[in-house]
Q: 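I'd like to ask you about the structure that follows.
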There are 2 protein chains.
Amino acid sequence: MDVTVRDIDGIKRYLMNEGINPSYQRIKIFEYLANHRIHPTVDTIYNDLCREIPTLSKTTIYNTLNLFEQKEIITSLSIEKNELRYECDTRPHAHFKCTVCGTVYDIRHEFPLVTKSVIDGHKVTEQQLYLKGICKNCSRDS
Amino acid sequence: MDVTVRDIDGIKRYLMNEGINPSYQRIKIFEYLANHRIHPTVDTIYNDLCREIPTLSKTTIYNTLNLFEQKEIITSLSIEKNELRYECDTRPHAHFKCTVCGTVYDIRHEFPLVTKSVIDGHKVTEQQLYLKGICKNCSRDS
DNA sequence: GTATCTGCAAAACATTTGCAATTCT
DNA sequence: AGAATTGCAAATGTTTTGCAGATAC
């Protein structure tokens with residue numbers, strides 16, 4: 001799902017369409033990803049959603065994200081060691097992580113994507129381009 | 001260090017040159033990386049080196065790899081979630097991981113590298129291109 | 001002899017698993 | 001009721017930390 005989702009019913013229909021039983025927790029987790037395009041970690045999702053759903057457990061978040069990823073409606077990013085991040089934008093694009101403030105930005109233009117489906121004889125089915133450095137905001141501040 | 005290292009003295013000089021005290025363990029760990037271009041995990045390095053150095057501890061491997069990475073003589077790869085790999089080739093190149101056999105290949109040609117130092121206003125200092133799919137060998141087997 | 005380095009044990013995290021309770025239809 | 005889902009507690013796996021002993025200069 002590539003645009004901000006405004007209504008719960010839209011999410012419900014989308015999940016069902018992808019073969020996912022739309023439970024309350026699953027809808028809320030997907031809604032969170034759709035409306036918070038910050039590439040959150042499990043911990044961030046948990047801390048934020050806990051306020052709204054006090055009974056929510058991390059296990060459910062792990063279960064749900066693993067299910068979503070397996071159904072290919074979200075993507076996981078391992079741009080930083082020991083820190084998995086998630087996003088619900090599955091269109092191919094690159095990511096830039098600022099080493100100062102930690103923000104992860106989507107990079108949609110001006111970056112090279114592999115277009116060949118075979119490289120050095122290997123069949124390519126997935127790709128991730130991770131960039132790091134100092135972001136626009138942090139450069140200006142210093 | 002980009003070519004296979006044959007002599008311990010060469011490694012010793014290289015480490016000293018990079019401001020690293022060349023202890024026995026550090027030399028052996030660097031030698032291992034230089035002569036095993038398989039992008040090993042800490043566990044692999046530990047299991048292999050243990051045969052030669054029975055008293056070696058994983059803590060020392062973690063300490064050493066973190067030191068090497070900080071001194072920028074090795075690179076860590078987070079191509080797979082929850083599995084850090086290391087290599088001593090710091091020249092820019094891409095990596096391909098086979099989802100069948102798990103092998104990680106270096107990709108030196110036919111892949112796009114970011115050449116601009118500024119993208120979307122962000123200063124880029126590091127990049128990693130991770131590809132996944134089915135490798136040459138596993139395609140042939142099936 | 002003083003700095004540094006090593007390695008054990010414990011701690012700190014992140015993620016998964018087993019399973020009983022809950023929810024949904 | 002029956003099947004799926006949730007969430008607690010425990011297990012697993014990885015990396016870091018504290019610290020005492022060993023090593024090197």
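So you know, we letter chains A, B, ... as the sequences are listed, proteins then strands, and number each from 1.
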Q: Among all residues two or more places apart in sequence or in another chain, which pass the side-chain contact (heavy atoms from CB on, under 4.5 Å) test with Glu52(B)?
A: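 Residues passing side-chain contact (heavy atoms from CB on, under 4.5 Å) with Glu52(B): Lys28(B), Leu49(B).
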Q: Quick one: what's the B/S/- string for nucleotides 5-19 of chain C, heavy-atom cutoff under 4.0 Å, read 5' to 3'?
A: SSBBB----SBBB--
Q: With sequence neighbours excluded, what pairs up with Lys81(B) under the salt bridge (charged side-chain N to carboxylate O under 4.0 Å, His left out) test?
A: Glu69(A)
Q: Apply salt bridge (charged side-chain N to carboxylate O under 4.0 Å, His left out) to Lys12(A) and list each qualifying residue two or more places apart in sequence or on a separate chain.
A: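 Counting only residues at least two positions away or on another chain, Lys12(A) forms no salt bridge (charged side-chain N to carboxylate O under 4.0 Å, His left out).
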Q: Between which nucleotides of DNA chain D, read 5' to 3', does contact with chain B run, using atoms under 4.0 Å from its heavy atoms?
A: dT14(D) to dT17(D)
Q: Test question: given the 4.5 Å side-chain rule for I, L, V, M, F, W and Y, name all other residues clustered with Met16(B), or answer none.
A: none
Q: Residues in ring pair (Phe, Tyr, Trp, His ring centres under 6.0 Å) with Tyr86(A), at least two apart?
A: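 So Tyr86(A) forms no ring pair (Phe, Tyr, Trp, His ring centres under 6.0 Å) with any residue.
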Q: Using the test side-chain contact (heavy atoms from CB on, under 4.5 Å), find all partners of Thr64(A) that sit at least two apart in sequence or belong to another chain.
A: Arg26(A), Ile29(A), Thr60(A), Phe68(A)
Q: Does dA3(D) count as syn, meaning its glycosidic angle lies within 90° of 0, or as anti?
A: anti
Q: Check Lys132(A) against Phe96(A) and note the closest heavy-atom contact, atom names and distance.
A: C-CE1, 3.8 Å
Q: Under the ring pair (Phe, Tyr, Trp, His ring centres under 6.0 Å) rule, collect the residues that match up with His39(B), sequence neighbours excluded.
A: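 Testing His39(B) for ring pair (Phe, Tyr, Trp, His ring centres under 6.0 Å), a comparison that skips the adjacent residues, returns His95(B).
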Q: What is the bend of the helix from dT4(C)-dA22(D) to dT25(C)-dA1(D) when you compare the axis at one end with the axis at the other, using five pairs each and rounding to 10°?
A: 20°
Q: Does Glu18(B) have any side-chain contact (heavy atoms from CB on, under 4.5 Å) partners at least two apart in sequence or in another chain, and if so, which?
A: Tyr14(B), Ile20(B), Ile73(B)
Q: Please identify each residue that fulfils ring pair (Phe, Tyr, Trp, His ring centres under 6.0 Å) with Tyr32(B), with sequence neighbours left out.
A: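 Listed in chain order: His36(B).
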